[in-house]
Amino acid sequence: MASVQINERGVISVKNSVRVLSVLLAVLLTASCTSCSTDPAASTASGTASGGTSDASSSTAATLPPPPEFEMPEVNLTNKTVKCLSAAEFDDYQIRMHEGMLRDIGVTVENEVVPYDSLSTLLVQKITSGESPDIYAMTNRDFPSLVAREVFLPLDDYIDFSQNIWEEQLPQLERWKWKGKMYLNGGSSGVARFVWYNTKIFKNADLPTPLELYDKGEWDWDKLLELAQELTVEDAEGKVIQYGFAGESLQFTFRGSAGEDYIKFDENGITNNFRNPNVAKAEKFLQDLALTYKVLPPSDSMANFDLFMQNKVAMGVYGHWYAFSAEGATARLKNGEIAFAPPPKAPGMEPYYYGDLSGILIPKGAPNPEGAAAYMTYRTYYGRVQETVDGKEVSPWMRTNIEAGWTDDMVRIYEEVNESPNIIAHLYHGVGNAISWAWEPYSKLMTGTPWETIVEEYAPKMEQEIELFNSSLK
């Protein structure tokens with residue numbers, strides 16, 4: 001095996017490691033100790049649990065052959081238990097990763113699952129009371145506000161990022177630095193939501209599928225609207241019995257495909273982006289879909305994946321995880337009844353995508369930060385393990401998806417989209433107290449308030465939150 005040296009500060013130094021595939025950034029993001037959801041409704045739908053603990057080491061270990069060019073570095077730890085605080089139970093991929101971790105480096109992982117909305121509050125309480133976990137699985141709204149509160153340990157103090165194993169991840173690690181230090185492991189804004197569609201509905205309507213349009217370079221908002229209008233069906237009394245389009249996080253999806261968020265965040269700080277004309281285009285298009293063209297279900301059921309599974313929605317934006325978390329989805333995927341394609345691009349623009357920023361951090365007071373660093377190292381290694389599925393060598397994470405029914409095309413587009421340099425993370429609700437009103441612009445948009453009116457109310461609010469955030473750093 002390759003070697004790892006842990007110095008007096010617990011810094012892991014890895015030898016004989018190799019480059020990590022770029023798409024692994026998105027895979028590691030998805031495989032945090034939490035789901036990929038960013039809004040409360042979606043987090044419930046994607047399998048977020050509300051309490052309890054789980055121990056991944058109780059399952060039967062899988063056989064995981066190492067990649068030929070990379071061996072997991074040897075890790076010597078006194079404390080071999082790593083405790084994680086997150087908003088979701090471990091999924092099949094994580095369970096198998098933790099089984100491998102127990103077998104290969106002797107580390108047992110425990111996961112305390114708490115409600116999504118309470119996650120960050122409970123973390124701060126645990127830190128204050130001396131009960132810190134070793135790993136915290138963050139969500140979009142934790143950045144930059146929670147990191148700015150300096151409740152995490154710099155990863156630089158425990159991991160030597162000059163080693164080859166981190167080479168491919170360094171651009172993302174550098175991107176999410178805070179005050180010159182790295183805190184967020186797996187901090188890539190990966191695309192997790194795609195346009196699911198009912199292949200039978202499209203075939204019966206003799207319409208091109210989103211995937212066919214994507215492969216021709218024609219998949220944009222205009223084509224989505226055309227399809228949604230064609231596929232919205234009313235009964236004799238004018239009641240809609242099949243909606244052409246639906247989905248979760250639609251406001252994020254369209255703003256992302258326009259290349260924008262309500263703020264811009266870079267090494268120079270945060271700027272207010274509410275008045276950006278591309279933001280306005282995205283917001284107005286979404287409002288038109290709902291209120292002018294009436295191709296969307298009511299707001300209170302718009303994100304319901306069950307409507308899609310009941311053939312009441314022809315296509316919609318939903319998380320890729322529904323393949324293995326929604327009852328009946330795997331069977332229908334394998335029968336070719338449903339599939340997914342990338343979100344459409346904004347007309348006249350190159351493709352941009354909305355991505356979730358997620359990852360894992362080491363809280364202050366963690367009883368086993370060295371174990372947390374070893375966990376992060378193994379996580380990187382495990383993403384390089386290859387397993388054979390249908391005669392093809394794939395990562396264990398991709399194996400989970402293929403077994404859940406992903407087709408070759410779905411694997412292809414997932415990888416294509418997540419290799420894009422144009423992935424937009426939505427971070428505005430992590431600035432100041434913006435989370436207290438974060439969903440209000442969407443609610444008002446869906447009830448008919450003109451975007452111009454919404455901007456005049458919330459652009460000043462966003463400016464206040466930015467000022468509040470900046471003043472907290474002084």
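Both backbone and side-chain heavy atoms feed into the values below; hydrogens, waters and symmetry mates do not.
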By side-chain contact (heavy atoms from CB on, under 4.5 Å), Arg412 pairs with (sequence neighbours left out) Leu211, Tyr214, Asp215, Asp409, Glu416

Asp300 meets the salt bridge (charged side-chain N to carboxylate O under 4.0 Å, His left out) criterion, sequence neighbours left out, with none

Across all chains, not counting sequence neighbours, the side-chain hydrogen bond (donor to acceptor under 3.5 Å, both in side chains) partners of Glu226 are none

Heavy-atom nearest pair, Leu227 first then Met315, reads CB-CE, 3.6 Å

Residues passing the side-chain contact (heavy atoms from CB on, under 4.5 Å) test with Val147, sequence neighbours excluded, are Phe143, Phe152, Trp178, Tyr183, Leu361

> How about Phe308 and Phe305: are their ring centroids closer than 6.0 Å?
Replying inline: yes

| Would you call Glu387 and Arg96 a salt bridge, using N to O less than 4.0 angstrom? | yes

Sorted by chain and number, sequence neighbours left out, side-chain contact (heavy atoms from CB on, under 4.5 Å) with Ala323 holds for Trp196, Leu333, Ala404, Trp406

Requested in this report: For the pair Lys345 (side chain) and Ser257 (backbone), establish whether a donor and an acceptor sit closer than 3.5 Å, ignoring hydrogens and angles.
Outcome: no

| message | Looking at Thr139, is its backbone amide N or carbonyl O close enough to the side chain of Ser358 to form a donor-acceptor pair, meaning the two atoms are under 3.5 Å apart? | response | no

Residue set satisfying salt bridge (charged side-chain N to carboxylate O under 4.0 Å, His left out) with Glu393, at least two apart, ordered chain then number -> none

(request) Examine Tyr197 together with Phe340 and report whether their ring centres are nearer than 6.0 Å. (result) no

Sequence neighbours excluded, the answer for side-chain hydrogen bond (donor to acceptor under 3.5 Å, both in side chains) partners of Trp437 is Glu465

| Okay, side chain of Tyr428, backbone of Ala438: is any donor-acceptor separation there less than 3.5 Å? | yes

Those residues at least two apart in sequence (or on a different chain) that pass side-chain contact (heavy atoms from CB on, under 4.5 Å) with Thr253 are Val317, Pro343, Tyr354

List the steps and the verdict of salt bridge (Lys or Arg N to Asp or Glu O under 4.0 Å) for Lys284 and Glu452. CA-CA 10 Å; Lys284 291 177 180 179; Glu452 292 79 5; 2.6 Å; yes

Inset, instruction - Evaluate side-chain contact (heavy atoms from CB on, under 4.5 Å) for Tyr414 paired with Met398, printing each intermediate quantity in order. - result: CA-CA 10 Å; Tyr414 177 86; Met398 192 57 75; 4.0 Å; yes

side-chain hydrogen bond (donor to acceptor under 3.5 Å, both in side chains) filter on Thr407, not counting sequence neighbours, yields none

Residue set satisfying salt bridge (charged side-chain N to carboxylate O under 4.0 Å, His left out) with Lys126, at least two apart, ordered chain then number -> Glu112

| request: Given salt bridge (Lys or Arg N to Asp or Glu O under 4.0 Å), test Lys334 with Glu403 step by step and report yes or no. | output: CA-CA 9 Å; Lys334 291 183 175 181; Glu403 290 177 345; over 6 Å; no

- Is it true that Asp306 and Lys312 make a salt bridge, defined as a side-chain N closer than 4.0 Å to a carboxylate O? no

Smallest heavy-atom separation, Phe202 atom then Ala314 atom, equals CE1-O, 3.8 Å

Sequence neighbours excluded, the answer for side-chain hydrogen bond (donor to acceptor under 3.5 Å, both in side chains) partners of Asn273 is Glu260, Asn276

Here the salt bridge (Lys or Arg N to Asp or Glu O under 4.0 Å) pairs for residues 249-258, sequence neighbours left out, are Arg255-Asp261, Arg255-Glu283

NZ/NE/NH1/NH2 to OD/OE distance under 4.0 Å, Glu174 and Lys177
yes

